[in-house]
Structure formats: structure tokens, C-alpha cells
Amino acid sequence: METKDLGFNSKLVHSGDFDDVFGSVVTPIYQTSTFFFDNCQNGADLFAGKYKGYIYSRIGNPTIDALENKLADLENGYRGIALASGMAAVTTVYTALLAKGDHMVSTDAVYGPSRGVMNAVFSKYGVESTYIDTTNLENIKNAIRPNTKMLYLETPANPTMDIVDIKAACEIAHKHGILVVVDNTFCSPYLQKPLNLGADIVLHSLTKFINGHADIVGGAIIAKEKNVYDNLRKTMTMMGGNMDPHQAYMVIRGVKTMALRMDRAQENSMKIAEFLENHPKVEWVKYPGLKSHPQHELAKTQMSGFGAMICFGLKGGFDSSVKFMDNVKLAMLAVSLGGVETLIQHPASMTHAGMTKEQRLEAGITDDLIRYSIGIEDIADLIHDLEQAFEKV
Ligand code: LCS
């Protein structure tokens, strides 16, 4: 079925579907590592790419293809690549597009390991990087060097909720022939479409809002242009960070309800953000939907909703924040985000513990920062949970 002109919800349900021989309504799982050839000549033709067919599931698989096509349709990209994890997506992008002597400019408040792997692994191969506050476009201009090949943005950033002007950042980068990559995990294509704003590549941890049920780990890369896609695909196939067919099936199932889930989670989030902003024990709150968010106006133009992630700090700093997190009951103390269940975590000691304290503070990841991923539970229960935890602080 041609899905390009369908609305977003219809795409969530139908994009990527293929005509199954038995008329299965749901995309079947091709749980096979390999596919037989009709004869040797047929095998040679497949490897030469002479016609569409499947060889081996690291290279391609119908169930994985269905997910990749769906994600490309949702992000308005040329084609998608599904991978074993979000970090496999991040490292495939770095590996494919950066070589010895190249330089990358990136948001300082990215997901900890996206920065950690650059410092620990890619630096060994001679890749240079500069981490800056990309909310200030002047910082981007100043960080660009003659050997800069990639601008890697995460917006909203994990965990600070800082928002980068994607369109303006792309204009700056493209003047210098620099590719722009946007980690769109916190928004999903439902709330933000970086490729429409000028980015060249968008990537996701599918583990979060896209799958939405906290039951798989996965990642995806979607490229706007064929040549960039071909390079990424070749790298993924060689490096072996491919997704498994069963994992792809789970994401295809999960993503169908993404808009419904996110609508509910966003509605809860706005109410919780307002509740926190008015609470006497709260020192500060950052949620893109609040007027007090430094990039609230930008969020209104760049995102079609404010999402379901909030960060905040309590009066009394680190000690109060820890006490609070230890006392919430409905919200579970766990890393990850974007599922139907509400999670709470402490980036300085959990997701971003791999950064030095100095790097964290520079990126705005203070020791009191609490990150809250809001689910689809009843708002009264979520507020009650917060109230009872505040009483203990
Ligand atoms: N990008 C972002 C923005 C993320 O939040 C994560 C994971 C990744 C990439 C990596 O994806 P993964 O390999 O885990 O699928 N973020 C996590 C977090 O904040 N807590 O636990 C994982």
C-alpha cells in the first residue's frame, strides 16, 4: 500500500506493511538467520544486488525491513536502518562518518554514553570532538574548525531538557559542508521531525517512546539522502550491530500506539510540571511546556508537543532530591524512559555517572537534578505519589 500521503496515525499503523503470502494482518516474524538460494547463479546475483531478495539476516530481513520502512516514512527520510540498540545507532553514525583527523561538534548534555564512547573509543582512532552548549548558536559557529565533519545534536537534551534550534544550527553547519545528526529520542517523530528542519540524519533509541513498553532495547538511524544511507548501511552490515527479527516485531507492535501513548503522557506531564512549579519544596523545574523554560518559544515552533520528560531540583539540593527519589512509590527508580510506566532517576549517579563532575556541571547536570519520565497512569495517582514523597523531605 502507498502510505506516503497518509496521516501520522495511519502511518504508525500501516507504513512498512508488506503483502504477506497468507494475508497476515500483522507483520509476521521471519525468525531466520539465513535464506536459501534457488541455485548458485541466483546466489551470485543476490550478492551482486541484481534483484531484491534476502541472503542473511544481518544484511536484511523482511520483518526488519518492515520496521525500517515504517520509521523512514514517519521521519520523512530516504530509508531507515534498525539496530540492536540506540548506542549501536550512535556508534554506527560515528564510525561511518568520522575518520582519523576529523572533528565533531556536539551538545554537551547528550546521553552520557554517546559522549563517553567518543572519549573512550573514537579518540583512540584520532577523532577529535568538542562538547558545547548548543542552545547558543554562537557557540556552534565558534566551535567549527576546518576539519569539522559532523554536528551532533540532542534536543531536548538528556537530561537537561535544553532545546537546540535545529533549523538555524543546520544552516550554520551546511555553510561549512558539515553533516547534521539529531538524536530525536526524547521527542519521537510524533513531536519533532529533524529531517524536515534540515538535518541529514536522525537517530533514535527505540527503547524509549517509539517502542514504548520497556520490554526491548533497540535503535534506528534514518538518513535523508541515498548516499549517506548507503554508507551507514554498509557500516552497520560490516560492524554487525543489526536488530533481531523478533525485536523488530516488538517495535512494530509498540509503535502503533505511540501517538495515543504520547498524548496521554504529555497531558500528564503538563499537569505535573505545573504542580512542581508551584510546590514550595521545589527549587527549579524544566519542562518545554512551561513559560519558564528558556527555550519555550522555540519549542512551540519546532516541536508539535512538549513531550513527557521533566527535570527538576529540590530546595535543599542533593540531599533533598535523593530523599525524594527514595520515597516515590508509583514512579520506579530506574534508568531508561519513554515507557507507559513512570520512571524517576538521578543522572549524576546513574545515566551520566561516566562523565566527570566538572563535565556534568558544565553541561548543567547538577547533583540535585531529578529526571522524571512520565507514563500514562492516572494523573491523580501520580500527583498523590509526588505529594507523599514531598512530605518525607
Ligand atoms: N540517545 C538517548 C537520548 C538516550 O536517552 C539513550 C539511552 C540512547 C541514545 C542509547 O540508547 P540505548 O542503547 O540505551 O537503546 N538512554 C538511557 C537513559 O537515559 N537511561 O537509560 C538509557
Side-chain angles (χ1 to χ4, degrees), residues 67 71 75 81-95 106-118 120-121 131 134 152-164 166 181-189 191-192 194 199 201-222 236 239-244 247-248 250-251 254-255 288 303 307-311 325 331-339 341-355 360 363-365 369-375:
L67 173 62
L71 295 173
E75 288 282 10
I81 302 170
L83 300 101
S85 69
M87 282 313 297
V90 173
T91 55
T92 297
V93 165
Y94 292 169
T95 308
S106 178
T107 305
D108 53 9
V110 282
Y111 172 56
S114 301
R115 181 170 179 166
V117 72
M118 178 54 68
V121 179
Y131 287 86
T134 47
Y152 182 99
L153 305 172
E154 194 178 293
T155 178
N158 182 358
T160 59
M161 301 307 294
D162 286 340
I163 294 172
V164 186
I166 298 174
V181 181
V182 177
D183 184 333
N184 201 24
T185 298
F186 268 37
C187 277
S188 90
L191 304 185
Q192 179 169 276
I201 295 167
V202 54
L203 71 83
H204 286 280
S205 166
L206 299 177
T207 319
K208 320 300 178 198
F209 293 101
I210 291 186
N211 179 60
H213 293 78
D215 50 8
I216 63 101
V217 169
I221 309 168
I222 299 106
M236 187 285 280
M239 300 295 285
N242 58 287
M243 180 170 265
D244 174 82
Q247 209 181 351
M250 294 290 277
V251 183
V255 75
M303 295 157 63
M309 298 298 297
I310 298 181
C311 66
M325 278 181 280
M332 287 178 272
L333 183 65
V335 299
S336 204
L337 57 109
E341 50 288 286
T342 298
L343 302 180
I344 199 160
Q345 72 110 2
H346 182 232
S349 64
M350 294 164 79
T351 48
H352 293 71
M355 291 165 77
R360 280 200 302 272
I365 308 168
L369 190 152
I370 297 170
R371 193 189 74 184
Y372 197 50
S373 168
I374 292 108

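Atoms within each ligand, like the ligands themselves, are counted from 1 in listed order.
Looking at His213 and Glu341, their side chains never bring a donor and an acceptor atom within 3.5 Å of each other. Inspection of the Gln247 and Asn211 side chains reveals no N or O donor paired with an N or O acceptor under 3.5 Å.
With sequence neighbours excluded, the residues satisfying side-chain hydrogen bond (donor to acceptor under 3.5 Å, both in side chains) with Thr351 are Gln345.
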List ligand 1's nitrogen or oxygen atoms that come under 3.5 Å of a protein nitrogen or oxygen, with the partner atom and distance.
unit_1, atom_1, unit_2, atom_2, d
ligand 1, 1 (N), Asp183, OD2, 2.6
ligand 1, 5 (O), Asn158, ND2, 2.9
ligand 1, 11 (O), Ser205, OG, 3.1
ligand 1, 13 (O), Gly86, N, 3.0
ligand 1, 13 (O), Met87, N, 2.8
ligand 1, 15 (O), Gly86, N, 3.0
ligand 1, 15 (O), Ser205, OG, 2.8
ligand 1, 15 (O), Thr207, OG1, 2.6
ligand 1, 16 (N), Lys208, NZ, 3.4
ligand 1, 19 (O), Asn158, ND2, 3.0
ligand 1, 19 (O), Arg371, NH1, 2.6
ligand 1, 19 (O), Arg371, NH2, 3.2
ligand 1, 20 (N), Ser336, N, 2.8
ligand 1, 21 (O), Ser336, N, 3.0

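Of all heavy-atom pairs between Ile365 and Pro347, the closest is CG2-CB, 4.0 Å.
Between atom CG of residue Leu83 and atom OG1 of residue Thr92 there is a gap of 5.0 Å, rounded to the nearest 0.5 Å. Here the CG-CG distance, from Leu71 to Leu206, works out to 6.0 Å after rounding to the nearest 0.5 Å.
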